[in-house]
Amino acid sequence: MPELPEVETLCRQLRQVIAGAKITKTRIVDSKLGTIEGIEGKQVCGVNRHGKALAIELEGDLSLVLHFRMTGRLLWQNNGNGLLPHTRLVVSFPHGRLVLIDPRRFATVTVHKKGNSLPLGSDPLADCDPSRLLEIAQHSTLPIKSFLMDQRRLRGIGNIYACEILYHARMDPWRKVNSLSLDEWKEIAEATGKILIRAIACRGTSVSDWRDLFGREGEHQNCLSVYGREGAACYSCGKEIKRKKLNGRGTYYCPTCQHAEGG
DNA sequence: CCCTATGTTCCCAA
DNA sequence: CTTGGGAACATAGG
């Protein structure tokens, strides 16, 4: 469930809490996660985000990489309470512990040695250049929404933010990407930056179970324009927000404001 | 029982 | 080879 803004929120909060600290112990609670080895006793030298993945960088060129998939959550605990339901992993520090909670058990944890598996695609926060987008979309007939969510091209945008970005760019989610003009890509790039940055400032979107590192809800659910608003009035034109499936994902949009011709 | 769910990956067809 | 679509993964909630 966490998309780019949610993982970025965890990343920034984690830096405040565990930078420089040593991992004292790790415990896999759900064996489906596999094993993690060689990180006990290591010091945290940084925390970074790669798309929707979170990397806790450790001394010795190691990193602990977490991917939360649909329902994964990361919580910081510094009291002596027992494990919460659906706890899958515990990483202990001298001053508290990090727990991975994941009801649907899709989340993954891996230990990486520096130098392997750099993911493809660019980060929409750091690099969302309209002319580059125009170029890489030339030979694709994907709908724009699927394109935005394709992690091989742009890393970090999921279903909620794809819907919101396209609404703000007034773009039909089914529009084929190879038909977009440079001006239309500029609108998409601008909407992408604006929405992602606002969502990070709001500590993410809590429409169901997203919580930050300290268990608090985000605020960005109060800023949503279309996601989850099926049947409600469009804030721009007053007509009804629709929901249809696109590649199996619920897609919310305003048929009036997001028309096929764009611009 | 039905359907839905913020994600990724694998398999298959074109 | 590439591209794109759907099922699968596992579980909770309406």
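Computation of the quantities below employed the complete heavy-atom set of this structure, encompassing side-chain atoms and omitting hydrogens, waters and symmetry-equivalent molecules. Reminder, nothing fancy here: chain letters follow the sequence lines and each chain counts from 1.
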Item to check | Integer angstrom distance from the P of C:dA7 to that of B:dC2 | outcome: 16 Å
Checklist entry - Between C:dC9 atom C1' and A:L33 atom CG, what is the distance in whole Å? => result 14 Å
Checklist entry - For the side chain of A:R249 and the base of B:dA5, is some donor closer than 3.5 Å to an acceptor across the two? => result no
Checklist entry - Within the modelled atom types, does a donor on one side and an acceptor on the other bring the side chain of A:R104 and the base of C:dA10 under 3.5 Å apart? => result yes
Checklist entry - Are A:R243 and A:Y227 in a cation-pi contact, defined as NZ or CZ under 6.0 Å from the six-membered ring centre and within 45° of the axis? => result no
Checklist outcome for this item: If pairing means Watson-Crick or G-U wobble with both distances under 3.5 Å, then the partner of B:dT6 is none
Item to check | Test item: A:Q43 side-chain N/O and A:G20 main-chain N/O as donor-acceptor pair under 3.5 Å | outcome: yes
Item to check | Selection from B:dA5, C:dA12, B:dG7 that lies nearest to any side-chain heavy atom of A:R243 | outcome: B:dA5
Next on the checklist: Can you measure A:L66 atom CG to B:dT8 atom P for me and round it to whole angstrom units?
Outcome noted: 14 Å
Checklist entry - Expressed in angstrom and rounded to an integer, what is the separation of A:R152 atom CZ from B:dT8 atom P? => result 12 Å
Next on the checklist: Side-chain N or O of A:K52 versus OP1/OP2 of B:dG7: is the shortest distance under 4.0 Å?
Outcome noted: yes
Checklist outcome for this item: The nucleotide from B:dT8, B:dT6, C:dG4 with an atom nearest the side chain of A:E3 is B:dT6
Checklist entry - Is there a side-chain polar atom (N or O) of A:Y227 under 4.0 Å from OP1 or OP2 of B:dT6? => result yes
Checklist entry - OP1, OP2 of B:dT8 versus side-chain N and O of A:R155: anything below 4.0 Å? => result no
Checklist entry - Would you call A:W210 stacked on B:dT6, i.e. ring centres under 5.5 Å apart with the planes less than 30° off parallel? => result no
Next on the checklist: Please classify the nucleic acid contact of A:S140 as base, sugar-phosphate, or nothing, using heavy-atom distances under 4.0 Å.
Outcome noted: sugar-phosphate
Item to check | Whole angstrom value for the distance that separates C1' of B:dA5 from CD of A:E230 | outcome: 14 Å
Checklist entry - When all nucleic acid strands are considered with a 4.0 Å heavy-atom cut-off, which category describes A:G158: base, sugar-phosphate, or nothing? => result sugar-phosphate
Checklist outcome for this item: Separation of C:dT2 atom P from A:R153 atom CZ, nearest Å, is 12 Å
Item to check | Whole angstrom value for the distance that separates P of C:dG4 from CG of A:L246 | outcome: 12 Å
Next on the checklist: Measuring only the P atom in each nucleotide, how far is C:dA10 from B:dC11? A whole number of Å is fine.
Outcome noted: 15 Å
Checklist entry - C:dG4 phosphate, OP1 or OP2: any side-chain N/O from A:T141 under 4.0 angstrom? => result yes
Next on the checklist: Checking contacts here: which listed nucleotide (C:dT11, B:dT6, B:dT8) is nearest the side-chain heavy atoms of A:R105?
Outcome noted: C:dT11
Checklist entry - What nucleotide among B:dG7, C:dG4, C:dA12 has an atom nearest to a side-chain atom of A:P103? => result C:dA12
Checklist entry - OH/A:Y167 to SG/A:C234 distance, rounded to the nearest 0.5 angstrom? => result 3.0 Å
Item to check | Phosphate contact (C:dT2 OP1 or OP2) by A:H139 side-chain N/O below 4.0 Å | outcome: no
Item to check | side-chain hydrogen bond (donor to acceptor under 3.5 Å, both in side chains) between A:S179 and A:R175, worked out | outcome: CA-CA 8 Å; A:S179 75; A:R175 181 83 180 276; 2.9 Å; yes
Item to check | Length of the line joining A:F147:CZ and C:dG4:P, which is rounded to integer Å | outcome: 10 Å
Item to check | Minimal non-hydrogen separation, A:H220 against A:I195, with atom names | outcome: NE2-O, 4.3 Å
Item to check | Aromatic ring pairing A:F93/A:W76, orientation class (parallel under 30°, perpendicular over 60°, tilted between) | outcome: tilted
Next on the checklist: Output the rounded distance in Å from CG (A:N247) to P (B:dG7).
Outcome noted: 13 Å
